[in-house]
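Below is one structure, written out as structure tokens; comments come after it.
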Amino acid sequence: MLAERVKKIKPSPTLAIDSKAKAMKASGVDVISFGVGEPDFDTPEHIKDAAIRAMKEGFTKYTAVGGIDPLKDAIIEKLQKDNGLSYKRDEILVSCGAKHSLYNIAQALYGPGDEVIIPSPYWVSYPDQVLLNDATPVFVRTYEADSFVLKPEALEAAVTPRTKALILNSPSNPTGMLYDRKALEKIAALAVKHNFYVVTDEIYEKLVYDGACHISIASLGEEIKALSLVVNGLSKSHAMTGWRIGYTAGPAAIIKAMTNIQSQSTSNPNSIAQKAAVAALTGPQDFVAMMHGEFDKRRKYLVEQLNTIEGMTCRMPAGAFYAFPNTSKIYGRRFGDRVIAGSNDLALYLLEEAKVALVHGAAFGDDDYVRLSYATSLEDIIRGVQRIREALGNLKAGK
Ligand code: PMP
Ligand code: GLU
């Protein structure tokens with residue numbers, strides 16, 4: 001018999017769609033994938049070389065549970081340089097991807113009776129990680145008309161004596177929303193006033209466009225820093241999704257608890273990947289700028305095109321690599337006997353009829369939308385948009 005907690009969760013929908021698209025491709029179907037959020041660029045050579053060197057030098061054994069000192073130091077330097085944040089080694093934990101960092105936080109902080117506030121639309125793993133730790137996710141809806149920014153009034157209305165933490169994600173997956181300093185200051189003031197933690201997932205920080213600037217809420221003062229757990233990783237910034245390196249910076253006592261959890265679950269993150277991560281953080285950063293430039297071109301093209309498809313409207317995202325068009329006007333239309341009743345039906349229809357994979361908005365807590373990752377080649381984006389346009393053109397008005 002399975003434990004009760006397992007019955008509350010589902011597989012990651014983004015990973016499930018990616019597996020389905022990959023299986024279709026493997027069986028010879030020409031699927032265009034806007035599904036998973038994974039840079040299509042290869043990991044830069046100098047990073048791979050560092051990993052090869054590590055293996056050749058026999059750096060293939062257990063390391064310190066929380067990560068090797070040179071990697072912690074590279075992370076400390078990065079946080080200082082990019083985010084204006086000062087941390088010591090005992091305030092850093094390296095884990096097996098940012099998802100694992102978030103999970104360690106969940107295990108260390110959340111328990112029965114605790115409430116964790118999650119602005120919606122949200123990234124798919126936040127609610128399930130809360131549920132896996134017997135706590136309650138409390139969703140606070142954000143709206144397209146407000147650029148999906150969490151309103152302080154809405155946040156405060158959701159706070160109770162049981163509120164343990166707020167999970168913030170800026171730039172956001174899936175909306176592409178980016179908080180400015182003013183909005184963060186208001187949220188920080190509420191966290192300090194009501195004494196809850198802020199889990200700040202900054203994995204897309206390098207992907208902000210139009211001259212905008214990413215700000216870490218933890219950098220807004222000592223009081224909010226003491227309540228912040230800054231989560232970041234190498235997956236998106238350095239095209240290293242498979243290497244599984246993420247990290248948390250936060251108060252030493254929490255980092256210690258998380259390190260103990262890690263020592264009893266995964267032990268250290270992969271030793272070779274840690275050496276590669278040192279090279280990624282301390283080596284040349286021109287790759288990051290190149291990738292950013294490419295994503296920016298695709299972002300503009302994709303969003304412009306989506307807005308020319310009848311039934312869809314799409315905001316220009318300020319960050320990350322996702323377009324999040326509103327598709328609610330399409331709901332109710334028909335294809336033969338089939339009714340497109342919501343985002344799930346739409347995603348399935350597009351996968352089956354147009355051979356285009358994207359993620360239904362319901363997976364992120366908002367059925368009015370679908371998510372397209374533009375971390376895929378411009379060529380595929382051009383072909384994919386054409387297929388979507390044609391498939392939607394084949395739908396008939398509902399009765
Ligand atoms: N946070 C967000 C918002 C994400 O989109 C992802 C996607 N991979 C992660 C965390 C986890 O990244 P990883 O575990 O690959 O570091
Ligand atoms: N974060 C990516 C996404 O949202 C990767 C998938 C996952 O980790 O769930 O597509």
Side-chain angles (χ1 to χ4, degrees), residues 9-22 33-41 43 67 71 75 93-106 118-130 132 148 166-179 199-208 214 216 229-249 262 266 269-270 273-274 276-277 280-281 295 317 319-324 347 357-366 369-376:
I9 65 154
K10 58 192 175 311
S12 160
T14 43
L15 294 181
I17 285 162
D18 190 47
S19 303
K20 197 164 175 180
K22 282 184 177 144
S33 185
F34 294 106
V36 76
E38 168 168 73
D40 54 316
F41 299 94
T43 307
L71 179 50
I75 291 167
L93 170 64
V94 186
S95 301
C96 310
K99 192 183 276 186
H100 186 217
S101 303
L102 290 161
Y103 191 73
N104 280 330
I105 292 171
I118 303 177
S120 82
Y122 46 75
W123 180 49
V124 294
S125 291
Y126 300 147
D128 288 41
Q129 291 196 349
V130 171
L132 267 176
F148 294 110
L166 160 72
I167 304 182
L168 266 195
N169 178 214
S170 175
S172 152
N173 174 4
T175 66
M177 169 278 298
L178 176 74
Y179 283 103
V199 176
T200 166
D201 179 348
E202 304 183 3
I203 192 125
Y204 294 101
E205 73 165 325
K206 297 286 177 199
L207 297 171
V208 295
H214 161 86
S216 174
L229 291 138
V230 180
V231 173
N232 211 325
L234 282 296
S235 284
K236 318 288 169 171
S237 59
H238 293 79
M240 290 178 69
T241 45
W243 299 74
R244 312 308 303 132
I245 296 289
Y247 55 87
T248 311
Q262 188 159 298
T266 59
N270 178 296
Q274 288 189 65
L281 289 171
F295 285 147
F321 44 52
Y322 305 102
F324 198 56
L358 44 73
V359 186
H360 49 297
F364 308 97
D366 202 327
Y369 299 84
V370 294
R371 188 194 79 174
L372 291 89
S373 160
Y374 50 87
T376 188

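These numbers come from the heavy atoms of this one structure, side chains and all, not from hydrogens, waters or symmetry mates. First listed ligand is number 1; within each ligand, the first listed atom is number 1.
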Distance from [atom] to nearest protein heavy atom, with residue and atom:
| atom | value |
| --- | --- |
| atom 2 (C) of ligand 1 | Asp201 OD2, 3.4 Å |
| atom 12 (O) of ligand 1 | Ile203 CD1, 3.8 Å |
| atom 8 (O) of ligand 2 | Lys99 NZ, 3.2 Å |
| atom 9 (C) of ligand 1 | Trp123 CH2, 3.4 Å |
| atom 7 (C) of ligand 2 | Thr14 OG1, 3.4 Å |

Could you tell me which non-hydrogen atom of [X] sits nearest to which non-hydrogen atom of [Y], and how far apart they are?
| X | Y | value |
| --- | --- | --- |
| Gln274 | Gly67 | OE1-CA, 3.2 Å |
| Pro119 | Ile167 | CD-O, 3.0 Å |
| Leu71 | Ala277 | CD1-CB, 3.8 Å |
| Leu234 | Ala280 | CD1-CB, 3.7 Å |
| Val370 | His360 | CG1-CA, 4.4 Å |
| Gly37 | Ser373 | CA-OG, 4.0 Å |

Just jot down the ligand 1 atoms closer than 4.0 angstrom to any heavy atom of [X], in number order.
| X | result |
| --- | --- |
| Tyr204 | 3 (C), 4 (C), 5 (O) |
| Gly97 | 14 (O), 16 (O) |
| Asn173 | 3 (C), 4 (C), 5 (O) |
| Asn169 | 3 (C) |

Of the options Asn173, Asp366, Thr14, which is the one that meets Arg371 in a side chain to side chain donor-acceptor pair (under 3.5 Å)?
->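 Only match with Arg371 under side chain to side chain donor-acceptor pair (under 3.5 Å): Asn173.
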Kindly assign one of parallel, tilted or perpendicular to the pair Phe295 and Phe41, based on the angle between their ring planes and the thresholds 30° and 60°.
->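 Judged by the thresholds at 30° and 60°, the geometry between Phe295 and Phe41 is perpendicular.
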Give a yes/no on ligand 1: does [X] have at least one heavy atom closer than 4.0 angstrom to it?
| X | result |
| --- | --- |
| Gly233 | no |
| His100 | no |
| Thr241 | no |
| Arg244 | yes |
| Tyr126 | yes |

Give yes or no for whether the N/O distance cutoff of 3.5 Å, strictly under, is met between Ala98 and ligand 1.
->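 Ala98 vs ligand 1: N/O contact under 3.5 Å present.
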Short question: side chain of [X], backbone of [Y] - any donor-acceptor pair under 3.5 Å?
| X | Y | result |
| --- | --- | --- |
| Ser170 | Tyr179 | yes |
| Thr43 | Ala239 | yes |
| Asn169 | Pro171 | yes |

Centres of the Tyr322 and Phe364 rings: under 6.0 Å?
-> no
Of all the atoms in ligand 2, which lie at a distance below 4.0 Å from a heavy atom belonging to [X]?
| X | answer |
| --- | --- |
| Val36 | 5 (C), 6 (C), 10 (O) |
| Arg371 | 3 (C), 4 (O), 10 (O) |
| Lys236 | 1 (N), 2 (C) |

Is Ser235 touching ligand 1 with its side chain, its backbone, both, or neither, if touching means heavy atoms under 4.0 Å apart?
->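 Ser235 to ligand 1: side-chain contact only, backbone stays beyond 4.0 Å.
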With heavy atoms under 4.0 Å as the rule, classify the contact between Asp18 and ligand 2 as side chain, backbone, both or neither.
-> neither
Location of contacts on Phe321 toward ligand 2, heavy atoms closer than 4.0 Å = neither
Note: heavy atom closest to atom 8 (N) of ligand 1, options Met240, Lys236, Lys99, belongs to Lys236
Go through the steps for Phe324 and Met177 under the test side chain to side chain contact (heavy atoms under 4.5 Å, CB included), then give the verdict.
-> CA-CA 10 Å; Phe324 198 56; Met177 169 278 298; over 6 Å; no
Output yes when the distance from some N or O of ligand 2 to some N or O of Gly35 is under 3.5 Å, and no in every other case.
->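 No, no N or O pair falls under 3.5 Å.
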Gap separating the CD atom of Glu205 from the OG atom of Ser216, nearest 0.5 angstrom =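 OG of Ser216 is found 8.0 Å from CD of Glu205.
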Does Ser12 come within less than 4.0 angstrom of ligand 2, counting non-hydrogen atoms of the residue?
-> yes
